[in-house]
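Please read the structure below before turning to the comments.
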Amino acid sequence: MLKDKNILLGITGGIAAYKSPSIASILRKKQAKVKAVMTPAACEFITPLTMQTMTSNVVHVDMFNQMMDMDVEHVELAKWADIIVIAPASANTIAKLANGICDNLLTTVLMASRSKILLAPAMNTYMLKSAANMHNMNILKSRGVKILSTQSDILACNDVGEGKMLEPAEIVEAIERELTEKDLSGKKVVVTAGPTVEAIDPVRFLSNHSSGKMGYALAKRAKYRGAEVTLISGPTSITPPNVDNFIRITSTHDMFKAVEANFDKCDVLIKAAAPADFRPKNTSEEKIKKEKNALNTIELEENPDIAKHFGSIKKDQIIVGFAAESIDEIEHGLEKLKKKNFDIIVINNIKQKGAGFKGDTNIASIVDRNKNIEKLQKMDKEELADIILNRVVNLL
């Protein structure tokens with residue numbers, strides 16, 4: 001994550017500078033350390049005092065300001081940064097960086113950089129697409145500079161088109177991706193998430209309380225860590241993360257077929273979904289009228305056990321399973337680990353406050369094939385996802 005990461009936020013002259021304080025705010029909430037460097041043109045849009053308030057650090061603007069503690073300012077800032085993020089990045093600053101021009105403090109810091117550089121462009125569509133700007137951006141990409149896309153919208157000049165800077169949350173996500181170690185690079189990870197739905201008739205169905213949040217967190221963090229990620233999801237109300245392959249399914253049978261299509265070529269299968277164990281034996285094509293008492297008894301039949309099936313046929317794949325229990329969770333989890341041939345199982349007690357379905361946190365115990373048990377405290381689901389993935393990396 002971003003805790004204790006040193007992020008140097010560069011701000012150039014453009015109306016999108018109004019978003020820069022929000023970027024700093026989100027970074028601080030994620031416990032990153034933030035310093036800001038502003039060009040003189042940026043100060044025409046927002047004040048250094050605003051950024052000083054949002055970062056709790058002195059804001060650097062002047063190229064020839066009196067040195068503090070005899071440090072050479074542009075060199076020390078470049079040394080300090082784990083990543084330099086320019087948001088907004090104007091066409092002018094992009095051109096200067098591409099051509100090695102150092103006529104203000106920000107461009108001088110960039111010249112002295114030894115860290116990752118991330119640019120969030122913001123400009124008029126025709127400026128963005130101009131031959132000169134495209135040439136400059138291609139030069140920077142060839143040097144390893146990461147350049148984010150822009151949004152298409154009504155721009156400050158009232159033109160409609162590309163060039164609007166991404167939203168602060170999107171830029172922070174990009175920073176997080178860049179600073180995450182790519183220890184799953186070259187690996188294919190399949191994650192299942194959410195509930196499944198088994199139809200009774202066109203109106204009614206059987207399902208459960210799974211929100212998909214744990215599976216989505218695992219897919220997101222695996223992608224950040226460099227994996228090629230396929231996310232197979234039942235119905236959820238949350239926005240899917242940016243993965244390589246997103247497959248939306250409805251029933252347990254649908255999920256089985258989707259896993260089957262991707263299992264042989266994957267390195268890791270993470271079964272975070274909560275597929276329904278049973279389905280109605282007969283499904284009505286028409287809405288069942290309650291007056292006929294047809295709903296008094298619903299005959300059920302067993303669904304395929306996805307985890308058990310793929311555990312029984314796995315070769316070199318690592319399978320991570322989940323056990324949501326309400327009593328004797330460790331005992332039941334260990335039984336499931338053996339029965340379904342998992343390499344790792346993540347166990348939680350859904351009756352604990354802060355654990356289980358729908359919430360943003362979880363309380364879990366992680367158990368491996370050797371019955372080593374690691375009991376964890378309540379934490380954010382993305383934090384838990386990283387701990388689970390650490391265990392996967394160790395096995396790989």
Side-chain angles (χ1 to χ4, degrees), residues 1-7 22-34 82-83 167-184 189 191-195 208-227 229 231 233-234 236-243 246 268 270-274 320-325 329 333 344-368 373-394:
M1 308 283 210
L2 292 175
K3 184 178 180 180
D4 295 329
K5 295 293 185 182
N6 294 335
I7 299 170
S22 294
I23 297 171
S25 175
I26 297 171
L27 290 170
R28 292 286 307 285
K29 287 174 183 176
K30 289 179 174 283
Q31 301 181 63
K33 298 173 183 177
V34 185
D82 292 312
I83 189 169
E167 296 306 314
E170 295 174 297
I171 293 169
V172 171
E173 279 201 15
I175 295 168
E176 201 165 354
R177 280 197 302 271
E178 288 300 305
L179 289 177
T180 301
E181 182 185 355
K182 302 300 183 282
D183 52 5
L184 285 171
V189 177
V191 181
T192 67
N208 57 58
H209 291 296
S210 175
S211 66
K213 288 182 177 181
M214 191 69 242
Y216 279 43
L218 281 156
K220 175 182 174 181
R221 295 305 303 170
K223 182 61 183 173
Y224 279 19
R225 293 170 74 151
V229 178
L231 174 57
S233 174
T236 69
S237 61
I238 53 179
T239 302
N242 183 23
V243 294
F246 179 73
V268 182
I270 302 178
K271 287 289 291 108
V320 179
F322 281 72
E325 304 291 345
E329 63 271 18
I344 298 168
I345 191 163
V346 182
I347 306 166
N348 61 11
N349 187 324
I350 57 174
K351 293 171 74 174
Q352 283 186 286
K353 187 176 181 180
F357 300 127
K358 296 185 178 179
D360 293 323
T361 62
N362 210 338
I363 304 169
S365 296
I366 302 178
V367 186
D368 63 21
I373 302 174
E374 180 182 7
K375 293 189 176 183
L376 302 171
Q377 301 300 312
K378 184 170 76 171
M379 62 182 66
D380 180 88
K381 286 183 175 177
E382 283 196 22
E383 188 178 355
L384 176 58
D386 266 324
I387 292 173
I388 295 167
L389 291 171
N390 289 343
R391 301 290 286 268
V392 170
V393 168
N394 288 339

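Keep in mind that this is a model prediction, so the values were computed, not measured.
Shown are K30, Q31, K33; of these, the side chain to side chain contact (heavy atoms under 4.5 Å, CB included) with K3 is made only by Q31.
No side-chain heavy atom of I363 sits less than 4.5 Å from a side-chain heavy atom of N349. The side-chain heavy atoms of I387 and M379, taken from C-beta on, include a pair separated by under 4.5 Å. Between L231 and P241, the closest side-chain pair of non-hydrogen atoms falls below 4.5 Å. Looking at I238 and K213, their side chains come closer than 4.5 Å, going by heavy atoms from C-beta outward. The shortest distance between side-chain heavy atoms of T236 and P195 falls below 4.5 Å. Residues I344 and V367 form no side-chain contact, since every pair of their non-hydrogen atoms from C-beta on lies 4.5 Å or further apart. In this structure, R391 and E374 have side chains that are in contact, with non-hydrogen atoms separated by less than 4.5 Å. The closest side-chain heavy-atom distance from I388 to F322 is below 4.5 Å.
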Query raised in the report: Can you check side chain to side chain contact (heavy atoms under 4.5 Å, CB included) on V34 and L27, steps first, answer last?
Result: CA-CA 7 Å; V34 185; L27 290 170; 3.7 Å; yes
Requested in this report: Take R225 and D386 through the salt bridge (charged side-chain N to carboxylate O under 4.0 Å, His left out) test and state the conclusion after the steps.
Outcome: CA-CA 9 Å; R225 293 170 74 151; D386 266 324; 2.8 Å; yes
Report task. Check the pair E176 / R221 against side chain to side chain contact (heavy atoms under 4.5 Å, CB included), numbers first and verdict last. Result -> CA-CA 10 Å; E176 201 165 354; R221 295 305 303 170; 3.3 Å; yes
Requested in this report: List the steps, then state whether side chain to side chain contact (heavy atoms under 4.5 Å, CB included) holds for D82 with L179.
Outcome: CA-CA 8 Å; D82 292 312; L179 289 177; 4.2 Å; yes
**Report entry** Evaluation steps, side chain to side chain contact (heavy atoms under 4.5 Å, CB included), between V320 and V392
**Finding:** CA-CA 8 Å; V320 179; V392 170; 3.7 Å; yes
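When all heavy atoms of I7 and A32 are compared, the closest pair comes out as CD1-CB, 3.8 Å. The shortest heavy-atom contact between A324 and N348 is CA-OD1, 3.3 Å. The shortest heavy-atom contact between A273 and A193 is CB-N, 3.5 Å. The shortest heavy-atom contact between A222 and V189 is CB-CG1, 4.5 Å. I345 and G333 get closest at one heavy-atom pair: CD1-O, 3.4 Å. In terms of heavy atoms, S365 sits closest to K375 at OG-CG, 3.4 Å.
For the residue pair T361 / K378, no side-chain donor-acceptor distance below 3.5 Å is found, with atom types taken as modelled. Y216 and T239 share no donor-acceptor pair across their side chains, judged by distance under 3.5 Å alone.
Looking only at distances, a side-chain donor or acceptor of N208 sits under 3.5 Å from a matching main-chain atom of A274. Side chain of N362 to backbone of A364: no donor-acceptor contact under 3.5 angstrom is found.
Atoms CD1 and CD, from I347 and E325 in turn, are 8.0 Å apart once rounded to the nearest 0.5 Å. We find the CD-CG distance between E382 and L218 to be 9.5 Å, quoted to the nearest 0.5 Å. Within the model, atoms CD of E178 and CD1 of I175 stand 9.5 Å from one another, a figure rounded to the nearest 0.5 Å. The line from CE of M1 to OG1 of T180 is 8.5 Å long, rounded to the nearest 0.5 Å. Atoms CG and CE, on D360 and M214 in that order, are 11.0 Å from each other to the nearest 0.5 Å. Taking CG of L384 as the reference point, atom CG of L389 lies at 9.5 Å (rounded to 0.5 Å).
Atom CG of D368 sits in a crowded spot, with more than 12 heavy atoms from other residues, nucleotides or ligands closer than 6.0 Å.
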